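Heavy-atom basis, side chains included; hydrogens, waters and symmetry copies ignored. Only a predicted model underlies this, so the values are computations on that prediction, with no experimental measurement involved. Chain letters run A, B, ... following the sequence lines, proteins first, then strands; residues in each count from 1.
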Number of protein chains: 2
Amino acid sequence: MNIQPLLNYIGQHVTLTKEEEAILESKVSYRKYLKGQFVVQQGDVCKYECFVISGCTKTYYVDDEGQEHIVMFSIEDWWTSDIGSFITQTPADFSIQCIENTELIMFSYDEIENLYAEIPKLERFFRRIIEKALVASQKRIIRSFSLSAKDRFLYFRNQYPKIEQRIPQYMIASYLGITKEFLSKIKSQLILEQ
Amino acid sequence: MNIQPLLNYIGQHVTLTKEEEAILESKVSYRKYLKGQFVVQQGDVCKYECFVISGCTKTYYVDDEGQEHIVMFSIEDWWTSDIGSFITQTPADFSIQCIENTELIMFSYDEIENLYAEIPKLERFFRRIIEKALVASQKRIIRSFSLSAKDRFLYFRNQYPKIEQRIPQYMIASYLGITKEFLSKIKSQLILEQ
DNA sequence: AGTAAATGTTAATCTAGATTAACTTTATTT
DNA sequence: AAATAAAGTTAATCTAGATTAACATTTACT
């Protein structure tokens with residue numbers, strides 16, 4: 001298992017000693033998933049917080065009408081989890097599915113509190129990660145209320161150009177909260193405009 | 001200043017000694033605001049994370065068209081802050097205004113890292129609070145995509161009956177992402193239905 | 001290479017919710 | 001108690017985006 005991308009990522013936020021890195025390595029697990037496999041399924045208890053080494057996942061919610069709503073995509077150097085389920089150890093609202101072959105480093109619920117106790121710096125690290133995630137989530141709410149579908153798409157394209165390339169358009173539509181037909185219309189309008 | 005509600009609240013998550021409580025008390029400040037006053041204004045740097053002792057605030061965003069979008073209400077035993085601005089010490093996206101006379105306990109940016117260092121349990125406490133806020137925020141995104149305006153209103157009414165009572169309807173409409181006219185229509189429909 | 005499945009497009013029609021505007025009710029101030 | 005401002009209602013009209021359905025293109029599989 002190649003834990004280096006995770007160590008580099010953590011190193012951007014806090015400084016770990018070699019010993020601490022070794023402890024960390026001993027307490028996380030590594031797993032490969034194939035495209036189409038599930039990391040978590042709606043209704044299961046989410047047992048891990050996962051760091052993406054390679055590949056891509058989608059986190060989504062299926063509503064009462066059976067419609068799928070994508071909450072986030074996670075690529076290299078991002079996190080993926082149903083934190084709501086993870087922190088309370090209750091059934092997940094979301095499913096997480098790999099949309100490419102994906103390598104993950106997984107922090108299990110049973111180990112993570114020990115890890116915090118052994119390396120308090122990691123508690124600081126996770127606090128900061130989660131703070132950033134909360135900020136991003138709040139800004140997404142604002143965008144969903146104050147921008148048109150077209151402007152949300154332009155924002156997405158501009159913010160995540162790498163993700164746009166590798167993901168089918170109908171999933172981007174789901175992430176933006178619109179139908180694939182309407183996204184198609186937006187794109188053809190944008191082409192006419194320039 | 002009456003810090004007891006804060007201590008009770010913290011006590012639900014972690015256990016502090018009398019000494020730790022005293023340290024905490026020495027590092028936070030207390031302030032009363034009148035209805036209409038601002039805790040933070042869009043464009044300012046947010047210097048505090050605030051715990052509400054009494055009263056009510058609204059956190060909102062004014063978009064390019066001058067429209068106000070309410071992100072959250074905070075009443076007794078809740079938090080209020082523009083965390084994005086707070087953690088990065090950059091200009092706030094949101095304004096926080098008191099919609100009642102309000103008493104706050106304020107954790108300042110300059111002190112909070114010292115406080116974490118002195119009382120590591122508080123870092124755990126804040127991590128957990130922020131995790132919960134993130135979960136709530138993600139669920140709000142899902143609701144904004146998968147529920148109709150009527151169902152979002154029913155959810156709000158059911159989830160926050162106390163808030164519904166004390167807040168003008170046009171602010172609830174703003175929180176739900178609809179116009180006050182449409183909320184009025186929804187309410188009259190609901191009356192006809194029963 | 002040929003077929004089936006997945007993904008994307010176009011166009012017509014429909015609807016939830018916005019906009020506008022006139023009006024009513026409730027609070028606040030003098 | 002009147003006057004004024006703030007909050008809420010109703011109804012007509014409008015629009016962003018949904019729905020439906022038929023078709024086109026790309027990708028994956030035998």
Side-chain angles (χ1 to χ4, degrees), chain A residues 34-37 56 58 60 62-70 73 97-101 141-157 163-193, chain B residues 34-37 56 58 60 62-70 73 97-101 141-157 163-193:
Chain A
L34 295 175
K35 181 174 174 175
Q37 291 186 319
C56 184
K58 64 171 177 178
Y60 65 96
V62 179
D63 70 22
D64 297 342
E65 269 92 58
Q67 273 229 271
E68 182 177 316
H69 303 276
I70 295 179
F73 299 109
Q97 188 177 20
C98 298
I99 56 182
E100 299 175 2
N101 294 342
I141 291 174
I142 287 304
R143 273 179 269 126
S144 82
F145 285 145
S146 61
L147 299 184
S148 66
K150 180 177 166 186
D151 287 344
R152 274 179 276 145
F153 172 62
L154 290 172
Y155 179 88
F156 175 81
R157 158 175 278 183
I163 297 184
E164 198 203 343
Q165 299 319 310
R166 48 205 266 200
I167 283 174
Q169 203 167 299
Y170 72 92
M171 289 191 194
I172 295 174
S174 168
Y175 175 84
L176 295 173
I178 58 178
T179 58
K180 61 187 186 353
E181 290 85 356
F182 193 59
L183 179 53
S184 195
K185 196 170 172 180
I186 287 171
K187 284 185 120 176
S188 62
Q189 272 174 23
L190 287 171
I191 288 164
L192 290 177
E193 276 174 23
Chain B
L34 295 175
K35 180 176 172 173
Q37 291 187 318
C56 184
K58 62 171 177 177
Y60 65 96
V62 179
D63 70 22
D64 298 343
E65 269 92 60
Q67 274 230 271
E68 183 176 315
H69 303 276
I70 295 178
F73 299 108
Q97 189 177 20
C98 299
I99 56 184
E100 298 175 3
N101 294 341
I141 290 174
I142 287 303
R143 272 179 269 126
S144 82
F145 285 144
S146 61
L147 299 184
S148 67
K150 180 178 167 186
D151 287 344
R152 274 179 276 145
F153 172 62
L154 289 174
Y155 179 88
F156 175 82
R157 159 175 278 183
I163 296 185
E164 197 202 344
Q165 300 318 309
R166 51 205 266 201
I167 283 173
Q169 202 167 298
Y170 71 93
M171 288 190 194
I172 295 174
S174 168
Y175 175 84
L176 295 173
I178 59 178
T179 58
K180 62 189 186 351
E181 290 85 357
F182 193 59
L183 179 53
S184 193
K185 198 169 170 180
I186 287 170
K187 284 186 118 177
S188 62
Q189 272 174 22
L190 287 171
I191 289 164
L192 289 178
E193 275 173 25

Sequence neighbours left out, what passes side chain to side chain donor-acceptor pair (under 3.5 Å) with B/Gln67? Give chain and number order.
-> none
How long is the line joining CE of B/Met171 and P of D/dA6, in whole Å?
-> 12 Å
Below 4.0 Å: OP1/OP2 of C/dA6 and any side-chain N or O of A/Gln169 | no
Please name all residues satisfying ring-ring contact (aromatic ring centres under 6.0 Å, His included) with B/Tyr155, sequence neighbours left out, ordered by chain then number.
-> none
Residues two or more places apart in sequence or in another chain: which of them pass salt bridge (charged side-chain N to carboxylate O under 4.0 Å, His left out) with A/Lys180?
-> none
Using atom CZ of B/Phe153 as one end and atom C1' of D/dG8 as the other, report the distance to the nearest whole Å.
-> 13 Å
Does some side-chain heavy atom of B/Ile167 sit less than 4.5 Å from a side-chain heavy atom of B/Tyr175?
-> no
How bent is the helix from C/dA1-D/dT30 to C/dT30-D/dA1, comparing axes over its five end pairs at each side, to the nearest 10°?
-> 50°
Once you round it to whole Å, what is the distance between P of D/dT10 and OH of B/Tyr170?
-> 20 Å
Tell me, for nucleotides 20-30 of chain C in 5' to 3' order, what letter each nucleotide earns: B for a base near a protein heavy atom under 4.0 Å, S for only sugar-phosphate near one, - for neither?
-> BB---------
Among all residues two or more places apart in sequence or in another chain, which pass the side chain to side chain donor-acceptor pair (under 3.5 Å) test with B/Asn101?
-> none
Contact check, side chains of A/Leu147 and A/Leu154, non-hydrogen atoms, under 4.5 Å = no
Separation of atom CD1 in A/Ile172 from atom C1' in C/dT9, rounded to whole Å | 16 Å
Protein-nucleic acid N or O pairs under 3.5 Å, nucleotides 15-18 of chain C:
residue	atom	partner	partner atom	Å
C/dG17	OP1	B/Ala149	N	3.1
C/dA18	OP2	B/Thr179	N	3.3
C/dA18	OP2	B/Thr179	OG1	3.2

Residues forming a salt bridge (charged side-chain N to carboxylate O under 4.0 Å, His left out) with A/Lys185, sequence neighbours excluded = none
Set of residues satisfying salt bridge (charged side-chain N to carboxylate O under 4.0 Å, His left out) with respect to B/Arg157, sequence neighbours excluded = B/Glu164
List for me each residue that meets side chain to side chain donor-acceptor pair (under 3.5 Å) alongside B/Asp151, sequence neighbours excluded, and say none if there are none.
-> none
Residues passing the side chain to side chain donor-acceptor pair (under 3.5 Å) test with A/Gln37, sequence neighbours excluded, are none
Whole angstrom value for the distance that separates P of C/dT19 from CD of B/Glu65 | 9 Å
Using the test salt bridge (charged side-chain N to carboxylate O under 4.0 Å, His left out), find all partners of A/Lys150 that sit at least two apart in sequence or belong to another chain.
-> A/Glu193
